[in-house]
Amino acid sequence: ARGKVLFVSKGCVACHAINGVGGHDAPGMDAHKMTDRLMNPFDFAAKMWNHAPAMIAAQEGAFGEQIFFTGKELADIIAFIHDDGAQHAFTEKDLTPEARKMMHHEHGGQPAQKKHAEEIGHEHAPSVK
């Protein structure tokens with residue numbers, strides 16, 4: 001439960017989707033679609049570290065600053081990322097007004113969801129209510 005709240009409040013949801021809810025600038029985080037379904041926390045942190053330059057640039061562009069995590073916060077997010085049951089309960093109702101605003105950050109002059117939709121050949125991105 002803490003990881004779900006942090007996934008939204010820390011802005012992960014702005015670029016990553018779970019259960020179809022969230023942004024699409026970065027890979028989805030659906031537990032049932034992960035190739036390495038039980039990734040240990042060290043491997044998860046290493047993957048984040050390896051993508052840090054791009055993630056930091058995206059965070060600074062979207063939020064105006066880099067997002068920081070404590071070890072406990074990262075552990076809670078990792079737990080949510082691996083909890084298929086908790087993820088199936090994750091819906092747009094879990095999004096805060098702040099998260100909805102984060103999901104519409106600009107990339108090259110247009111909202112991220114619209115840009116992604118155009119890149120993959122869709123007329124428009126899924127609506128967020």
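When reading the values below, keep in mind they use all heavy atoms of this one structure, side chains included, and skip hydrogens, waters and symmetry mates. Keep in mind the model is a prediction, meaning the values are calculated, not measured.
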Handout entry: Same cluster (ILVMFWY, side-chain, under 4.5 Å), V5 and M29
Key =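 Each belongs to a different hydrophobic cluster.
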With distance as the sole test, does [X] use its side chain to make a donor-acceptor pair with the main-chain N or O of [Y] at under 3.5 Å?
| X | Y | result |
| --- | --- | --- |
| E65 | Q59 | no |
| N40 | F42 | yes |
| Q66 | I56 | no |
| E73 | T70 | yes |
| Q87 | A31 | yes |
| D30 | K33 | no |
| R100 | E92 | yes |

Exercise for the section: If the plane angle is over 60° it's perpendicular, under 30° parallel, otherwise tilted; pick one for H32 and H88. Expected result: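 The rings of H32 and H88 lie parallel, inter-plane angle below 30°.
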Problem - K10 charged N/C atom sitting above F69 aromatic ring, 6.0 Å / 45° - result: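 Positive - K10 is close enough to the ring of F69 and near enough to its axis.
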Handout entry: Non-hydrogen atoms of F90 and V8 that approach each other most closely
Key =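 Closest approach of F90 to V8: CE1-CG2, 3.7 Å.
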Practice task
Evaluate salt bridge (charged side-chain N to carboxylate O under 4.0 Å, His left out) for K72 paired with D76, printing each intermediate quantity in order.
Solution key: CA-CA 6 Å; K72 183 172 179 4; D76 289 341; 3.6 Å; yes
Pairwise side-chain contact, [X] with [Y], heavy-atom cut-off 4.5 Å (strictly under):
| X | Y | answer |
| --- | --- | --- |
| I77 | C12 | yes |
| F63 | I67 | yes |
| I18 | F80 | yes |
| V13 | L95 | yes |

Problem - Centroid-centroid distance, H16 to H24, less than 6.0 Å - result: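 When the ring centroids of H16 and H24 are compared, they turn out to be at least 6.0 Å apart.
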Which distance, rounded to the nearest 0.5 Å, do you find between the [atom1] of [X] and the [atom2] of [Y]?
| X | Y | atom1 | atom2 | answer |
| --- | --- | --- | --- | --- |
| I78 | F7 | CD1 | CZ | 13.0 Å |
| M55 | N50 | CE | CG | 11.0 Å |
| F44 | H82 | CZ | NE2 | 7.0 Å |

Practice task
Decide yes or no on side chain to side chain contact (heavy atoms under 4.5 Å, CB included) for M48 and L74, but give the supporting numbers first.
Solution key: CA-CA 11 Å; M48 286 182 66; L74 191 55; 3.6 Å; yes
